[in-house]
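Presented below is the structure to which this report refers.
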Amino acid sequence: MIRFLFKGLIRDKSRSLLPIIVVTVGVMMTVFLQAYMNGIFSDSIESTAKFSSGHVKVMTSAYKNNLSQMPNDYAITGVVDVLKMLRTDYPDMTWTDRIQFGGLLDAPDSSGNTRSQGNVMGMGLHLIGTNDEINRMDLSSTLLSGNFPKKRGDILVTDELCRKMNLKIGDEVTLMSGSMYGDMAMYNFRISGIIHFGTETLDRGLVVADIEDVRYALDMEDAAGEILGFFNDSPYDNKRAVALSDAFNAKYTKTDDKFSLAMLPMSGVGGMDFLIAYSENAQFIIILIFVFAMSIVLWNAGLVGGLRRYGEFGLRLAIGENKHEIYRSLIGESLLVGLIGSVIGIVIGLFFSYLMQKYGIDTSGVMKNSQLMMPTIFRSQINVTTYYIGFIPGVISTVIGAALAGIGIYKRQTANLFKELEN
Amino acid sequence: MKTIVEVKKLIKKFPVGTGFFTALNGVDLQFGEGEFAGLVGPSGSGKTTLLNIIGSLDVPSEGEVVVLCKSVGGLTPKQAAQLRKEELGFIFQNYNLLPVYTVFENVEFPLLLLNIPAAERKKRVLETLEWVGLSDKINSRPAQLSGGECQRVAIARAMVKRPLLVLADEPTANLDSDNSHKILQTMLKLNEELKTTFIFATHDEKVIGYLKRIIRLKDGKVVDDVVV
């Protein structure tokens with residue numbers, strides 16, 4: 001019987017080809033959109049991770065509790081040993097130490113008097129002798145003019161700050177800030193490059209220097225505010241990061257020692273939890289939309305098909321099939337159509353997603369003056385979900401469509417069949 | 001002669017507005033094995049309603065209809081479907097062949113519902129198509145057949161499971177005279193060879209000419225019951 005129905009399905013193009021095309025297109029779009037959104041969210045999350053939060057971040061407990069203030073008086077000391085320990089215990093991760101700080105930047109005139117001043121946020125990174133951080137943070141794309149620090153005392157300044165303070169490459173500036181021990185710290189830098197992030201908050205007043213200079217300036221020898229950890233083999237994985245942090249904190253965090261080490265997953269950083277949860281749930285929102293839209297289309301296709309097959313259903317009822325059997329066969333047919341359409345749609349969707357993942361769309365031209373901190377190349381990202389997500393709208397919507405359209409079978413009165421089949 | 005259908009004091013009413021329309025009003029009939037009988041009468045006389053009830057497609061309002069020892073009024077929808085599937089054959093005015101299937105597959109369909117093994121199905125289908133003279137058309141689709149050939153496929157479909165009772169509603173209404181006679185001769189031959197009971201609902205004089213028993217209905221009542 002199944003073979004018989006299958007033959008009918010294959011031969012009747014309006015029952016098979018049209019719904020399969022609808023399912024294929026819908027599934028293809030679902031797969032592509034899922035991979036695309038996954039790519040966009042992942043890139044945004046990765047950008048944030050690389051720029052500020054890491055996949056996980058190691059700090060002292062007190063620094064963690066006052067994270068928004070970036071209190072360097074609670075910095076990690078003995079950083080070299082801590083980094084050694086982290087690299088030994090977690091060899092599948094990359095670890096890097098950073099210092100974030102705030103302060104006042106003073107630009108003197110030719111006679112040494114203050115010409116202009118501005119509040120700044122600063123970052124101390126490994127910049128001299130290595131390109132790791134430059135590549136990780138994609139700083140090359142932000143460099144408008146000049147060079148990255150090549151020697152001690154070099155500093156990068158944002159273009160907006162330069163404009164406000166009337167600074168240019170080669171100018172000397174003095175950073176005034178607080179040392180790790182709470183006393184005043186002053187240090188002279190020379191502007192080696194001008195950077196632009198395209199984000200108002202950063203461009204207003206960010207300076208970036210080599211971490212050794214910052215250590216020297218803030219009297220933070222062998223210390224760092226935070227150590228960022230990145231998974232070597234995968235993008236951000238919230239479950240893994242949370243599990244890692246929980247295990248780390250259980251081992252190292254002591255409630256009575258504010259300088260004990262503590263680890264924070266990226267989702268624990270303010271605001272990121274929502275983005276991560278949203279990115280995880282976005283695919284289900286896509287599925288819901290497509291299930292709804294495709295169900296309506298397939299419901300209509302099913303209704304049209306049902307009208308065309310009115311005589312067939314009537315005949316089948318007359319010669320002894322009961323309504324449940326006919327309804328079940330209709331659902332079975334839709335299941336088959338849904339599966340075939342889903343497989344084709346997934347294959348095509350994966351193909352386009354792969355192209356988008358490999359080549360991406362370069363929007364650097366149009367995003368030049370954007371206020372958003374977003375990757376300039378939009379890429380999709382295929383993950384495990386991409387391989388099966390299409391089956392959900394593909395099969396569910398086809399079955400829902402057929403189930404709705406097939407309700408008419410139960411409304412048929414067998415007593416009218418002779419009359420109906422005369423027409 | 002073994003009784004195939006027994007109709008006792010049958011009344012069938014349909015709700016119309018606030019009242020009822022009585023389609024059958026106290027019908028008493030019996031049909032035996034191998035009969036070739038026809039319910040004859042004008043439109044609205046109740047012949048299709050009676051055929052519906054005998055075919056377990058509808059139930060009596062009052063009275064009883066026993067088909068092959070089963071009281072139609074007491075059957076659940078599932079049991080009624082089972083009775084139709086196993087014991088009854090239907091021939092419709094419009095053939096109602098499934099357009100995407102071949103002649104062979106259309107005739108095979110009732111056997112699939114009965115879960116008959118493939119080899120047995122093939123044997124029976126070929127044999128039945130030979131009876132109706134369509135052995136050379138087994139791979140044709142309904143669209144490639146003439147009206148007469150389509151109706152012969154419909155007869156083969158009704159006969160392939162060797163039903164004890166075949167119900168035919170105006171089977172020649174869409175056929176020309178020549179084809180009508182061929183169809184009726186085929187059915188008559190099957191009736192005589194297989195002892196299948198045929199009950200027709202018709203007002204076609206050509207069909208009436210072939211009937212061995214003519215039951216005339218008027219306003220839901222049997223007004224004449226003649227064995228020819």
Side-chain angles (χ1 to χ4, degrees), chain A residues 1-20 301 304-330 332-333 336-337 406-423, chain B residues 12 14 23 47-59 76-102 105-106 108-116 118 121 141 154 157-158 160-161 163 167-170 173-174 201:
Chain A
M1 187 69 182
I2 290 170
R3 228 177 109 205
F4 183 84
L5 292 172
F6 184 69
K7 264 191 249 176
L9 191 64
I10 296 299
R11 290 176 193 168
D12 189 350
K13 299 283 184 282
S14 65
R15 241 158 93 191
S16 50
L17 193 62
L18 177 70
I20 284 175
V304 173
L307 285 174
R308 285 183 65 256
R309 298 173 74 190
Y310 197 73
E312 178 196 328
F313 294 149
L315 174 85
R316 286 167 65 176
L317 285 171
I319 66 176
E321 261 193 291
N322 66 47
K323 291 174 179 176
H324 302 311
E325 285 169 333
I326 296 174
Y327 193 71
R328 270 204 302 271
S329 74
L330 205 64
E333 283 180 19
L336 192 68
V337 165
I407 289 170
I409 290 169
Y410 286 98
K411 293 185 177 162
R412 291 291 284 271
Q413 297 291 320
T414 52
N416 295 330
L417 285 176
F418 268 125
K419 281 273 171 250
E420 288 173 2
L421 294 174
E422 280 173 13
N423 301 319
Chain B
K12 180 66 186 177
F14 293 107
K47 53 189 191 299
T48 301
T49 305
L50 182 53
L51 213 60
N52 268 336
I53 296 171
I54 294 171
S56 74
L57 293 167
D58 204 353
V59 289
T76 62
K78 199 174 174 182
Q79 288 168 329
Q82 193 73 11
L83 175 67
R84 294 197 297 273
K85 182 160 71 177
E86 291 173 355
E87 310 287 2
L88 307 184
F90 290 89
I91 299 169
F92 305 95
Q93 179 181 321
N94 261 2
Y95 335 130
N96 286 291
L97 302 179
L98 305 178
V100 295
Y101 294 104
T102 63
E105 289 160 347
N106 266 284
E108 185 190 25
F109 185 51
L111 301 182
L112 284 165
L113 297 180
L114 293 170
N115 292 321
I116 289 171
R121 281 203 310 267
R141 298 274 181 92
R157 183 180 61 196
V160 74
K161 61 188 173 188
L167 303 170
D169 189 23
E170 307 282 7
N174 288 338

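Only a predicted model underlies this, so the values are computations on that prediction, with no experimental measurement involved. A note on names: the letters A, B, ... follow the listed sequences, proteins ahead of strands, and every chain is numbered from 1.
- Inspection of non-hydrogen atoms places A:Arg11, A:Asp12, A:Arg15 of residues 9-19 of chain A under 4.5 Å from chain B.
- What you find for B:Val100 and A:Gly8 is that their closest heavy atoms are CG2-CA, 3.9 Å.
- The nearest pair of heavy atoms linking B:Phe90 to A:Ala318 is CE1-O, 3.1 Å.
- Note that the CG atom of A:Leu5 and the CG atom of B:Leu112 stand 8.5 Å from one another [nearest 0.5 Å].
- Remark: A:Ile2 CD1 is loosely packed, at most 12 non-hydrogen atoms of other residues, nucleotides or ligands lying under 6.0 Å away.
- Residue contact with chain A, scored on non-hydrogen atoms closer than 4.5 Å, is absent for B:Thr76.
- The heavy-atom pair separating A:Asn322 from B:Lys78 by the smallest distance is ND2-CG, 3.8 Å.
- Looking at B:Leu98, only its side chain comes within 4.5 Å of chain A, counting heavy atoms on both sides.
- When all heavy atoms of B:Pro110 and A:Ile319 are compared, the closest pair comes out as CG-CD1, 4.3 Å.
- Put simply, the side chain of A:Glu312 does not reach to within 4.5 Å of the side chain of B:Tyr101, judged on heavy atoms.
- The two atoms that bring B:Arg84 and A:Leu317 nearest to each other are NH2-O, 3.0 Å, heavy atoms only.
- Under the rule for a ring pair (Phe, Tyr, Trp, His ring centres under 6.0 Å), A:Phe6 has no partner lying at least two apart in sequence or in another chain.
- With a 4.5 Å cut-off on non-hydrogen atoms, B:Arg121 does not touch chain A at all.
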